[in-house]
Amino acid sequence: MRSDSITKGLERAPHRSLFKAMGYTNEEISRPLIGVANAHNEIIPGHIHLDKIAEAVKTGVRMAGGTPISFATIGVCDGIAMAHKGMKYSLASREIIADSVEIMGQAHPFDAMVLIPNCDKIVPGMLMAMLRLNIPAVMVSGGPMLTGRFRGNDVHLVSVFEGVGRVKAKTMTMAELEELEDEACPGCGSCSGMFTANSMNCLTEALGLGLPGNGTIPAVAAARIRLAKQAGMAVMNLFHEDIRPRDIATSEAFENAMAVDMALGCSTNTVLHIPAIAGEAGVDLPLETFNEVSSRVPHLCSLIPGGSHSLQQLNEAGGVQAVMRELLNTKAGLHQNVMTVTGRTLGDNLNRAEVRDREIIRPVDNPYHKVGGIAVLYGNLAPDGAVVKQSAVAEEMMSHSGPARLFDSEEEAQSAILGGKIKSGDVVVIRYCGPKGGPGMPEMLSPTSAIIGMGLGKSVALITDGRFSGGTQGACIGHVSPEAAVGGPIALVQEGDTIIVDITNKLLELKVDDAELAKRKESWRPPEPKITTGYIARYAKMVTSGSTGAVLRVGKE
């Protein structure tokens, strides 16, 4: 056992003494020591209840003969961080989370680990750490929030963001918005819908690093507590069988996860996180792989925000396991021989799965869309790629051409949208918001929701080198690479330039000839850093392109 290096032998008497200072008995110290990485805090709705999940995990570990030892890590609520300086720190927090869990796991050599995240950057950060440490491990999330109810309709956080635009457009009153904000988020859990948190929790399950049900069992369900206890027991089995994360997260497992990504219509942020996680597993996932998988995997689930179905309904229909069972019917199928944290292969797990509602999970021969939920676009505006959640784009906007309306910050764009200065047909361009330029590649739920709220969702496109919330819908193209801050073509766009968006043909073009772009490039100068001190300044110097997962460089350029 790894923990023998701190618990066994004469020279470890001081170490054992420190354990005894905390009340651990000789019996507890002699058992396998299981780290429980707990992201509980009192600022994220998806994390407010993780203390209860952690207690259930610890119960499961003890039931199976281990000694659980919990520790904490940070987390950012993207909704609360949205639309102000705080959003610059959200994506950057992923690296701190990964580093902090790695540090705890290396400084205190646990024999295995259970990781408990729930939201946005915490899930991929913990997955990155899990694969770095490569000790037997299970991830169990806190589960999705239930949808709210407002005047007979299902509502959620994005409904409130869109409500701001509706008030500005005078299609909703302030009194109605105040009522909506009381009802939209009814309790704990990751925001209801296939937003980033739920996308990543579902993909954790699809990768085989979370137990069946990890992505969809509601936060408030007793089944979520039972799942946490099962995770504690499962990690002990992985320990005894010496099954490690890199044994599970193989290239075939990542292909399976990407197939589920396409079938569910997950957040565009998965295109940042999946390559970053794969990199920690030693698996190379070029951006082009997403288009390859999307071309052969149909979109089977019409989930909030692009559709009307909730995570609770997906769970009732059989959850991620049922989606994967249905994907066996595609021409390429899935890799069924990959190992999972159940201790069984994926094929064995799927023998227990069934689709219980054919409207929530469509058959592969009658999908919502014939291609997957995400597309990567290329062209002279995005030589290294740009990402769109095509399953959430209105048919009218799958092909669009219009004049660029140029903004060098989210705040300027938001003001123009809510001020009625953006008209039907426009292409809103928000730049200098990439990993370096943001810095931190801030999400832009406010302007995208304002466009929807102002009634422009079927006539206006938005393009940025920043990124979008998983709650975004409409023709919103993000992750434009190279970004403006390093002189990418998006830095050379001028007001009124014609931009062509052709999602079907994976094209993003600026209608300006090469000679003119070269002339503009000669006069371009890099902007001054927006933040010059602290962590985010260091992050901006070290971070790589969004097209490579916005990971940090190690060593010299």
Side-chain angles (χ1 to χ4, degrees), residues 1-41 50-74 96-117 122 125-141 209-211 225 227-249 280-281 339-343:
M1 297 194 301
R2 292 175 85 238
S3 64
D4 285 355
S5 63
I6 57 172
T7 62
K8 296 292 194 301
L10 170 65
E11 294 180 354
R12 296 300 178 255
H15 302 67
R16 292 191 295 272
S17 181
L18 290 169
F19 274 94
K20 291 177 179 179
M22 296 178 281
Y24 289 100
T25 65
N26 285 329
E27 172 63 23
E28 288 174 302
I29 296 169
S30 69
R31 292 179 177 184
L33 302 185
I34 311 302
V36 179
N38 180 9
H40 169 258
N41 62 44
L50 293 189
D51 54 343
K52 297 178 178 62
I53 300 295
E55 286 305 315
V57 166
K58 290 159 72 175
T59 296
V61 169
R62 291 189 185 103
M63 288 167 64
T67 297
I69 302 174
S70 66
F71 62 91
T73 188
I74 64 165
I96 294 288
I97 292 159
D99 291 350
S100 66
V101 175
E102 176 194 2
I103 287 167
M104 291 297 287
Q106 294 288 20
H108 315 101
F110 300 115
D111 298 302
M113 189 175 288
V114 180
L115 302 100
I116 310 172
I122 301 94
M126 285 193 170
L127 286 170
M128 290 164 71
M130 178 194 287
L131 288 160
R132 283 183 200 170
L133 291 168
N134 200 35
I135 60 175
V138 176
M139 180 169 284
V140 58
S141 75
L209 294 173
L211 293 172
I225 298 297
L227 186 74
K229 291 177 181 177
Q230 291 161 2
M233 292 185 283
V235 81
M236 293 303 298
N237 178 62
L238 295 174
F239 165 72
H240 290 302
E241 297 296 326
D242 195 28
I243 299 172
R244 301 173 182 239
R246 292 184 201 169
D247 299 328
I248 294 170
E280 300 289 354
M339 181 53 64
T340 72
V341 292
T342 64

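Along the sequence shown, the residues carry numbers beginning at 1. The structure presented is a predicted model; accordingly, all values stated were derived computationally and were not measured.
- At a threshold of 4.5 Å between non-hydrogen side-chain atoms, the residues I6 and L33 count as touching.
- Interatomic distance, CE of M1 versus CZ of R31, reported as 11.0 Å (0.5 Å rounding).
- Taking the side chain to side chain contact (heavy atoms under 4.5 Å, CB included) definition, one finds that T25 meets it with E27, E28, sequence neighbours left out.
- Checked by atom type and distance alone, the side chain of R12 pairs as donor or acceptor with a backbone atom of S5 at under 3.5 Å.
- Rounding to the nearest 0.5 angstrom, the gap separating the NZ atom in K229 from the NZ atom in K58 is 13.5 Å.
- Under the 30°/60° scheme for interplanar angles, the aromatic rings of F71 and F110 are found to lie parallel.
- Distance check, rounded to the nearest 0.5 Å: CD of E55 to CD1 of I225 gives 10.0 Å.
- No option in L115, I248, T340 other than I248 meets the side chain to side chain contact (heavy atoms under 4.5 Å, CB included) test with L209.
- The two atoms that bring M126 and A39 nearest to each other are CE-CB, 3.9 Å, heavy atoms only.
- Within the 4.5 Å cutoff, the side chain of R62 has no heavy atoms near those of the T67 side chain.
- Contact detail for I53 and S141: the closest heavy-atom pair is CG2-O, 4.5 Å.
- A pairwise comparison of heavy atoms in G343 and I243 identifies CA-CD1, 4.3 Å as the closest pair.
- Here the closest heavy-atom approach between residue E102 and residue A129 is recorded as N-CB, 4.1 Å.
- Between the CD1 atom in I135 and the CG atom in L238 there is a gap of 11.0 Å [rounded to 0.5 Å].
- Of all non-hydrogen atoms in P68 and Y24, the two that sit nearest each other are O-OH, 4.2 Å.
- Ion pairing between a basic and an acidic side chain is recognised when a charged N comes within 4.0 Å of a carboxylate O; R244 and D242 show such pairing.
- Between P245 and D247 there is no side-chain heavy-atom pair separated by less than 4.5 Å.
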Report the C-alpha distance between M113 and M130 in whole Å, list the side-chain angles of each, state the deciding distance to 0.1 Å, and finish with yes or no for side-chain contact (heavy atoms from CB on, under 4.5 Å).
-> CA-CA 8 Å; M113 189 175 288; M130 178 194 287; over 6 Å; no
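- We find the CG-CZ distance between N26 and F19 to be 12.0 Å, quoted to the nearest 0.5 Å.
- Between V140 and the choices V341, L211, V57, the side chain to side chain contact (heavy atoms under 4.5 Å, CB included) rule is met once, by V57.
- A donor-acceptor pair under 3.5 Å links the side-chain atoms of D111 to the main chain of R2, judged by distance alone.
- Within the 4.5 Å cutoff, the side chain of M233 has no heavy atoms near those of the V61 side chain.
- For N134 (side chain) and R246 (main-chain N/O), a donor-acceptor pair under 3.5 Å exists by modelled atom type.
- The shortest non-hydrogen separation linking A137 to V235 is CA-CG2, 3.9 Å.
- Just one of I74, V101, T73 meets the side chain to side chain contact (heavy atoms under 4.5 Å, CB included) condition when paired with I96; it is I74.
- Between atom CD1 of residue I29 and atom NE2 of residue H15 there is a gap of 12.0 Å, rounded to the nearest 0.5 Å.
- Proximity of a side-chain donor or acceptor of S17 to a complementary backbone N or O of A13 within less than 3.5 Å is not detected.
- Atom NE2 of H108 is surrounded by 12 or fewer heavy atoms from other residues, nucleotides or ligands within 6.0 Å.
- Without hydrogens or angle criteria, R132 side chain to L127 main chain gives no donor-acceptor distance under 3.5 Å.
- By the 4.5 Å heavy-atom criterion applied to side chains, I116 and V36 are counted as neighbours.
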